[in-house]
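I have a structure here, written as structure tokens, and I will follow up with some questions on it.
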Amino acid sequence: MAGVVALDIGNREESKTLMEKLSDHYHNRKVEKRHKDAAKRFMRGLMSVQAPTQLFMFHFYIIPYLFEDYDEWTQYYLKVFVTYLAIQGVANWLCTILYDTTIPNDKDRPDLPGLNNRWQNPPDYFMSIHTTNQNGSALPMHHQNFDVSGFEWKYCEICKMYQPPRTHHCDTCEACILKRDHHCFMVGNCIGFKNQRYFVVLTFYAVLVGFVGGYFQYKYLQQFYYPQSYSWTDFLPPVAFYRWLFGTVDGMSLHICIMIIQVYLEFLFGFFGFTYFTTQISMIVQGKTLYELAKSIPIRSLNSVNHNFRSVFGDFWILNFFFPMQLIFRQREDGRSWEGIKLDHNANLQEKSN
Ligand SMILES: [Zn+2]
Ligand SMILES: [Zn+2]
């Protein structure tokens, strides 16, 4: 009998088409994780190469050639400005990556059943749950899973812990993300409560560095490379690389080759930066996250627009875009209780019944 079963399984394995085998291979969790890690490393490697080489090109080629007719001081200040842009971009990129917005699954994890009744010594982030009414008597059980804003504390089956409101599990990061906005494949991690401010500033600089930087780099190529090129195909990176390698053009140097690749990347970063910057600002104005928008979670913010911005960026939020203010002005909220943000339960129920 066992032999028959084994034979049957063997036949099924053999009868799989190549596409099915590929699909199995792809959906294997270990393989999937390897792919995701490789993609993350690739994007991070790309960013770490792009920033210094682009700065180098501007310092030693683009500014000296394109602004040749301007005096030394103008060139000097342009270089200072370009360096400032690069530092802001890199610093905010690093902060987006390094500020961990996951909720650690450690010994404090609130994974006991019957959270509200049996948890004797709750960690501070549970204090916002109302288990009693104003007179001090216990609320009925079905009210206890909702906090002041009407949010339900859900249990994450994967992390084995209760999630604060607006926290959601990310399959790619394999963790619960505090105020999860979205998983960003460009930076390789989730955007949430602790790193959203850096991410928004990063997208702002991606637009500046991408479009303005890309424009001047393109101008330079137009003046120094286009006259020697045969057609637009010479602007394709593999063709440019070939022409440099086999010396088909006089004076075709490696830096032109690198610059051609950079122009593509700059416009790509600029495009993504613009898309994300505008959506992020629109989400912050409404006091929502992209996750809530995508899942049609009926969130309403009763707070002012200014309050919503302060919630993400801390006090004097506009300064974040010009200086690294993050160490001086921290966010006042804890990312776990949400004053002035309401969940519309009626809308939620309607949604479910539809
Ligand atoms: Zn989780
Ligand atoms: Zn993620």
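Every number for a ligand or one of its atoms is a count from 1 in the order of the listing.
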Whether the side chain of T96 engages the backbone of N92 through a donor-acceptor N/O pair (distance < 3.5 Å, no angle test) should be reported. yes
Between R166, K288, Q280, H168, which is the residue that forms a side-chain hydrogen bond (donor to acceptor under 3.5 Å, both in side chains) with D181? Q280
Q75 side chain to D71 backbone, donor-acceptor under 3.5 Å: no
Salt bridge check: are K33 and D37 linked by an N-O gap of less than 4.0 Å? yes
With the Zn ion (ligand 2) as the reference point, give the N/O/S atom of H183 that is nearest. ND1
Does the N308 side chain pair with the main chain of V285, one donor and one acceptor, at a distance under 3.5 Å? yes
Please check: side-chain N/O of N195 versus main-chain N/O of Y198, any donor-acceptor pairing under 3.5 Å? no
Checked the Zn ion (ligand 1): protein N, O or S atoms closer than 2.8 Å come out as C156 SG, C159 SG, H169 ND1, C176 SG
